[in-house]
Engineer: 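Quick one: this structure, given as structure tokens, is what I'll be asking you about.
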Amino acid sequence: MPITRILRTAHRSLASFTAKRTAVTSQTDKVRIVEVGPRDGLQNEAKLLPAATKIELIDRLSETGLTTIEATSFVSAKWVPQMGDNSEVFRAIRKVPGISYPVLTPNLKGFESALAAGAKEVAVFGAASDAFSLKNVNCTAAEAIERFRPVLKAAQEHGVRVRGYVSTIVGCPYEGAIEPSAVVRVVEALHEMGCYEISLGDTIGVGTPGSMRRMLDEVTRAVPTDNLAVHCHDTYGQALSNILTSLEYGIRVVDSSVSGLGGCPYARGASGNAATEDVVYMLHGMGLQTDINLEKLIQVGRYICGELGRPSESKVNRAWKGQ
Ligand SMILES: CC(C)(COP(=O)([O-])OP(=O)([O-])OC[C@H]1O[C@@H](n2cnc3c(N)ncnc32)[C@H](O)[C@@H]1OP(=O)([O-])[O-])[C@@H](O)C(=O)NCCC(=O)NCCSC(=O)C[C@@](C)(O)CC(=O)[O-]
């Protein structure tokens, strides 16, 4: 490519980056946090936690101002033993009016169990990579989409809202770098199928603002940003930067996990999510509202880390002396 064209392209990217940046820092709008700690945060824990601890965790999270708390997943207990108490947990949690408690459902069987337990919102989870999809749900990415169709149909009949996930949006532990076009294919399919929101998952936390931008350039052209969320794992310490990048694209829904718990058991090398405490601290510092009480959230983080017998992965939680 001639040097003048390279310079022109670089100038255009910088101009659009600056415009987007101005947009995010000058706004005082709201960001909705989807707390995934009780599901994503705990599913990878080797030691089975008592259902009572999970129920206590969710009930305490319900007191923090969060409006979406992913409670559990209706997947096979042979595949994810930690979620084997899904019905017990879901039935027992206090359902606070105004808070949604979505649960993961990989297929119609999972949806039916979730419905029987009283779920009003579910999430289907697809992937941009076949290799990961095969490891995670035992079928290709395209086959997984076909499994979701009856779920979406049944959900519509029962007035249940459906969220969608796309995993491995920038990198796969088995296939390496992922092309944005592969992400667009799955995002479009979930959007057309009727998912009200699609969460873009950097499953193994390999993304950087560079790879996130390349992906978001394509994805935000395909579906409105109002229908998108981001779900950034922090394996390489890039989660907050990647979330900031997505805010610059106008995305206003961020998944995170209290005290940075988490990881997918079928994604080699996956570690915790962005810590909710860190995300909330950053957003409030930027003048973006979340309605979350950070002090209360920090106490919940300390509670669950105490139960797990390990320090918090949240830098804010560790540094917090009360303000
Ligand atoms: C999808 C399956 C079930 C396919 O697993 P399979 O073995 O291919 O399923 P199957 O249809 O052949 O059925 C095998 C057995 O599972 C049962 N079964 C079938 N479906 C269900 C169900 N819903 N709930 C409970 N049981 C179920 C079914 O009844 C049967 O029981 P058996 O006759 O052997 O006793 C399996 O692969 C599975 O459960 N996978 C879940 C993996 C998982 O939960 N991964 C973590 C969540 S994804 C994630 O963390 C990423 C995300 C969302 O956070 C975003 C990101 O970070 O990128």
Side-chain angles (χ1 to χ4, degrees), residues 34-45 70-87 90 102-117 119 122-129 131-141 143-148 150-151 154 162-174 178 182-183 186-187 190 195 197-207 212 215 228-235 239 242-243 253-257 260-274:
V34 175
E35 170 58 49
V36 296
R39 192 278 304 173
D40 198 349
L42 298 182
Q43 69 184 10
N44 213 13
E45 289 294 326
E70 203 173 66
T72 183
S73 56
F74 286 82
V75 298
S76 161
K78 285 184 194 146
W79 283 66
V80 187
Q82 190 65 258
M83 297 287 115
D85 55 7
N86 42 31
S87 289
F90 194 82
V103 297
L104 254 57
T105 53
N107 51 21
L108 195 55
K109 183 177 170 70
F111 176 80
E112 282 164 355
S113 308
L115 194 66
V122 301
V124 293
F125 47 104
S129 131
F132 171 74
S133 185
L134 282 161
K135 295 259 190 216
N136 197 37
V137 288
N138 209 18
C139 66
T140 64
E143 286 163 351
I145 294 288
E146 292 313 309
R147 284 184 185 172
F148 301 155
V151 174
V162 186
R163 192 171 198 248
Y165 276 104
V166 184
S167 286
T168 60
I169 50 161
V170 285
C172 165
Y174 314 107
I178 295 294
V183 185
V186 186
V187 169
L190 294 174
C195 291
E197 184 171 283
I198 295 136
S199 177
L200 304 167
D202 181 11
T203 315
I204 52 168
V206 287
M212 285 294 282
M215 182 274 301
L228 294 172
V230 283
H231 178 109
C232 298
H233 285 262
D234 199 32
T235 323
N242 292 340
I243 290 167
V253 183
V254 175
D255 299 2
S256 60
S257 173
L261 304 171
C264 176
Y266 293 101
R268 193 180 56 208
S271 75
N273 280 83

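Every number for a ligand or one of its atoms is a count from 1 in the order of the listing. Count residues from 1 along the sequence.
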Engineer: Salt bridge or not for Arg39 and Asp255, using N-O below 4.0 Å?
Structural biologist: no
Engineer: Donor-acceptor pair, His233 side chain versus Ser271 backbone, under 3.5 Å?
Structural biologist: yes
Engineer: Check whether any protein heavy atom sits under 4.0 Å from atom 37 (O) of ligand 1.
Structural biologist: yes
Engineer: Would you indicate whether the side-chain heavy atoms of Tyr174 and Ser129 approach each other to under 4.5 Å?
Structural biologist: no
Engineer: Using a heavy-atom cut-off of under 4.0 Å, does the side chain or the backbone of Met83 touch ligand 1, or both, or neither?
Structural biologist: neither
Engineer: Would you check whether Asp40 has a nitrogen or oxygen atom less than 3.5 angstrom from a nitrogen or oxygen atom of ligand 1?
Structural biologist: yes
Engineer: Flag the pair Met215 / Leu200 as yes when at least one side-chain heavy-atom distance between them is below 4.5 Å, and no otherwise.
Structural biologist: yes
Engineer: Which of the listed options, Asn107, Asn44, Val36, Asp202, holds the heavy atom that is closest to atom 23 (N) of ligand 1?
Structural biologist: Asn107
Engineer: What protein heavy atom sits nearest atom 39 (O) of ligand 1, and how far off is it?
Structural biologist: Ser76 N, 2.9 Å
Engineer: Could you list which atoms of ligand 1 come closer than 4.0 Å to a heavy atom of Val137?
Structural biologist: 4 (C), 37 (O)
Engineer: Under the 3.5 angstrom rule, does the side chain of Asp202 hit a backbone N or O of Val206 as a donor-acceptor pair?
Structural biologist: yes
Engineer: When you measure from the side chain of Ser76 to the backbone N and O of Lys78, does any donor-acceptor pair fall under 3.5 Å?
Structural biologist: yes
Engineer: What are the atoms of ligand 1, with element, lying closer than 4.0 Å to any heavy atom of His231?
Structural biologist: 54 (O), 55 (C), 56 (C), 57 (O)
Engineer: Does Pro265 reach ligand 1 with a nitrogen or oxygen that is under 3.5 Å from one of the ligand's nitrogen or oxygen atoms?
Structural biologist: no
Engineer: Would you say that Leu190 contacts Val124 through its side chain, given a criterion of any heavy-atom pair below 4.5 Å between the two side chains?
Structural biologist: yes
Engineer: Distance to 0.1 Å, residue and atom name: give those for the protein heavy atom nearest to atom 56 (C) of ligand 1.
Structural biologist: Ser167 OG, 3.3 Å
Engineer: For ligand 1, which atoms sit closer than 4.0 Å to a heavy atom of His233?
Structural biologist: 57 (O)
Engineer: Pull out every atom of ligand 1 sitting under 4.0 Å from any heavy atom of Phe74, numbered as shown with elements.
Structural biologist: 22 (C), 23 (N), 24 (N)
Engineer: Taking 4.0 angstrom as the limit and counting only heavy atoms of Gly110, give me the atoms of ligand 1 inside it, by number and element.
Structural biologist: 23 (N)
Engineer: Is atom 46 (C) of ligand 1 touching the protein, meaning some protein heavy atom lies under 4.0 Å away?
Structural biologist: yes
Engineer: Verify the contact flag for atom 19 (C) of ligand 1, where contact means a protein heavy atom under 4.0 Å away.
Structural biologist: yes
Engineer: Considering distance alone, does some N or O of Tyr266 sit under 3.5 Å from an N or O of ligand 1?
Structural biologist: no
Engineer: Could you measure the distance from the CZ atom of Arg163 to the CD atom of Glu197? Nearest 0.5 Å is fine.
Structural biologist: 4.5 Å
Engineer: What's the shortest distance from atom 50 (O) of ligand 1 to any protein heavy atom, and which residue and atom give it?
Structural biologist: Gln43 NE2, 2.8 Å
Engineer: Do you see a donor-acceptor pair shorter than 3.5 Å between the side chains of Ser257 and Asp40?
Structural biologist: no
Engineer: Quick one: does Glu146's side chain have a donor or acceptor within less than 3.5 Å of a partner on Glu143's backbone?
Structural biologist: no
Engineer: Any side-chain to backbone donor/acceptor pair from Asn86 onto Ser73? Under 3.5 Å, distance only.
Structural biologist: yes
Engineer: Hey, which atoms in ligand 1 end up nearer than 4.0 Å to a heavy atom of Asn136?
Structural biologist: 37 (O), 40 (N), 41 (C), 42 (C), 43 (C), 45 (N), 46 (C), 48 (S)
Engineer: Test of understanding: given a 4.0 Å heavy-atom threshold, classify the contact between Pro106 and ligand 1 as side chain, backbone, both, or neither.
Structural biologist: side chain
Engineer: Run the side-chain contact (heavy atoms from CB on, under 4.5 Å) test on Ile178 and Ile169 for me, step by step, so that the C-alpha distance in whole Å, both residues' side-chain angles and the decisive distance to 0.1 Å come before the verdict.
Structural biologist: CA-CA 7 Å; Ile178 295 294; Ile169 50 161; over 6 Å; no
Engineer: Judged by non-hydrogen atoms, does Arg39 sit under 4.0 Å from ligand 1?
Structural biologist: yes
Engineer: Would you check if Glu70 and Leu104 make a side-chain contact, meaning some heavy-atom pair closer than 4.5 Å?
Structural biologist: yes
Engineer: Residue-level breakdown please: for Val80 versus ligand 1, do any non-hydrogen atoms fall below 4.0 Å on the side chain, on the backbone, on both, or on neither?
Structural biologist: side chain
Engineer: Establish whether atom 25 (C) of ligand 1 and some protein heavy atom are separated by less than 4.0 angstrom.
Structural biologist: yes
Engineer: Would you say atom 11 (O) of ligand 1 has a protein heavy atom nearer than 4.0 Å?
Structural biologist: no
Engineer: What is the nearest protein non-hydrogen atom to atom 7 (O) of ligand 1, stated with its residue, atom name and distance?
Structural biologist: Trp79 NE1, 3.5 Å
Engineer: Quiz question for you: does at least one protein heavy atom lie closer than 4.0 Å to atom 54 (O) of ligand 1?
Structural biologist: yes
Engineer: Looking only at protein heavy atoms, which one is nearest to atom 17 (C) of ligand 1, and how far off is it?
Structural biologist: Lys109 CE, 4.0 Å
Engineer: When you measure from the side chain of Tyr266 to the backbone of Ser133, do you find a donor-acceptor pair of N or O atoms at a distance under 3.5 Å?
Structural biologist: no
Engineer: Any protein heavy atom under 4.0 Å from atom 33 (O) of ligand 1?
Structural biologist: no
Engineer: Any nitrogen or oxygen of Lys78, side chain or backbone, less than 3.5 Å from one on ligand 1?
Structural biologist: yes
Engineer: Using only atom types and a distance under 3.5 Å, with no angle test, would you say the side chain of Thr168 pairs donor to acceptor with the backbone of Ala127?
Structural biologist: no
Engineer: Asn138 heavy atoms, cut-off 4.0 Å: which ligand 1 atoms fall inside?
Structural biologist: 6 (P), 7 (O), 8 (O)
Engineer: Would you indicate whether the side-chain heavy atoms of Met212 and Val230 approach each other to under 4.5 Å?
Structural biologist: yes
